[in-house]
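No experiment lies behind these values; they were computed from the predicted model shown.
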Amino acid sequence: MTDSYPPLRGRLTRDRALADLTWLRVGGPADALVQPADLQDLCDFLAALPPKMPVFPMGVGSNLIVRDGGLRAVVIRLGRGFNAITVEGTRVTAGAAALDAHVAKRAAEAGVDLTFLRTIPGSIGGAVRMNAGCYGSYVADHLIEIRAVSRDGRLVTLPAADLNLRYRQSDLPEGWVVVEAVLSGAPGDPAELEARMDAQLRKRDETQPVKDRSAGSTFRNPAGFSSTGQADDSHELKAWKVIDAAGLRGATRGAAQMSPKHPNFLVNTGGATAADLEGLGEEVRKKVFQHSGLQLHWEIMRVGDPLDRTGV
């Protein structure tokens, strides 16, 4: 932590607890939470921030566990001013803070098919960084380019190919902040696109614990079983099936639970700690491996330090 930070026209909060900014409602404090007023404010701040100071861009916290000891970093969270959505032809330009669902709806209204984004929780910045996907479509299938602010404060335009997007991963450099993405979609009839999204929402609501505190799918599907989105993937084996087969549907640790409705959803039933949630997840990984020999990999990002219970 530093005694002083560069000037900022936006808002900087020291020792800011992050629990209320994540969907799972857990997490200790960040050294500082920075909410820039606009793009120039962000560029100026990062340019002046000491190079050794870690920077962690954070979206809406939909796919994130912040550990109980907090995060030794400057957390950048974009808000108003970074959520515009515009459509020109079949190109959709979205600010990094725009919600995935809003981008899908705005595109559909203009007759552009980005319907795969409708049920993905989170914002476009995170969707780019993690190559989010659903229903066999991924950001990589639609992304043209992004604009990002480098760790040293430069505004850079990167074509999609430079990001090396793959299953839930990208090569976006550490500390860079995505501020805008340009995507393309196939033309479609707005009414048909809307109907498709409505059907997706109904299916999601029937099968997933949407009213519970979760962070979406906890683990990737086992490798080779729709984990990569490649044409030769099989879709016969899902993470929830191997968790269920190992007898872990509804398993608990403290107030953390593998959802009885969908066992690949890790849920905070009320008062869970990050240690409860991560510990249950690791227990599930261990028992699934013992039962089936399959190694589950986390899909939820986990960051920060565990709580130091020694008092040192």
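A salt bridge links R285 to E282: at least one charged side-chain nitrogen sits closer than 4.0 Å to a carboxylate oxygen.
Distance CD/Q257 to CZ/R249: 11.0 Å, rounded to 0.5 Å. I120 contributes atom CD1, which lies 11.5 Å from atom CE of M130 (distance to the nearest 0.5 angstrom). Rounding to the nearest 0.5 Å places CG of N268 at 8.5 Å from OG1 of T273.
The minimum heavy-atom distance linking F45 with L12 is given by the pair CE1-CD1, 3.9 Å. In terms of heavy atoms, F56 sits closest to V303 at CE1-CG1, 3.9 Å. Among all heavy-atom pairs drawn from L266 and L24, the shortest one is O-CD2, 3.7 Å. Shown here for G270 and A255, the closest heavy-atom pair between the two residues is O-CB, 3.3 Å.
Ring geometry for F116 against H142 counts as parallel: the plane angle stays under 30°, on a 0 to 90° scale with 60° as the upper cut.
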Could you walk me through whether L294 and F289 pass side chain to side chain contact (heavy atoms under 4.5 Å, CB included), step by step?
CA-CA 5 Å; L294 292 169; F289 184 74; 6.0 Å; no
Determine, stepwise, if the pair D171 / R166 fulfils side chain to side chain contact (heavy atoms under 4.5 Å, CB included).
CA-CA 9 Å; D171 286 349; R166 51 208 184 275; 3.0 Å; yes
Pair L21, L33 - check side chain to side chain contact (heavy atoms under 4.5 Å, CB included), show working.
CA-CA 11 Å; L21 300 180; L33 175 69; 3.8 Å; yes
Which donor-acceptor pairs under 3.5 Å do side chains of residues 178-205 form with protein atoms, sequence neighbours excluded?
| unit_1 | atom_1 | unit_2 | atom_2 | d |
| --- | --- | --- | --- | --- |
| E180 | OE1 | R147 | NE | 3.3 |
| D189 | OD2 | A191 | N | 3.2 |
| D189 | OD2 | E192 | N | 3.0 |
| R196 | NH1 | D113 | OD1 | 3.4 |
| R196 | NH1 | D113 | OD2 | 2.7 |
| R196 | NH1 | T115 | OG1 | 3.4 |

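The stretch residues 53-67 participates, sequence neighbours left out, in these salt bridge (Lys or Arg N to Asp or Glu O under 4.0 Å) pairs: R67-E278. Legend: side chain to side chain donor-acceptor pair (under 3.5 Å) pairs involving residues 38-49, not counting sequence neighbours, sorted by first then second residue: R9-D38, Q40-D44.
A side-chain donor-acceptor contact under 3.5 Å links D152 and S150.
In this structure a side-chain-to-backbone donor-acceptor pair under 3.5 Å is present from D68 to A274.
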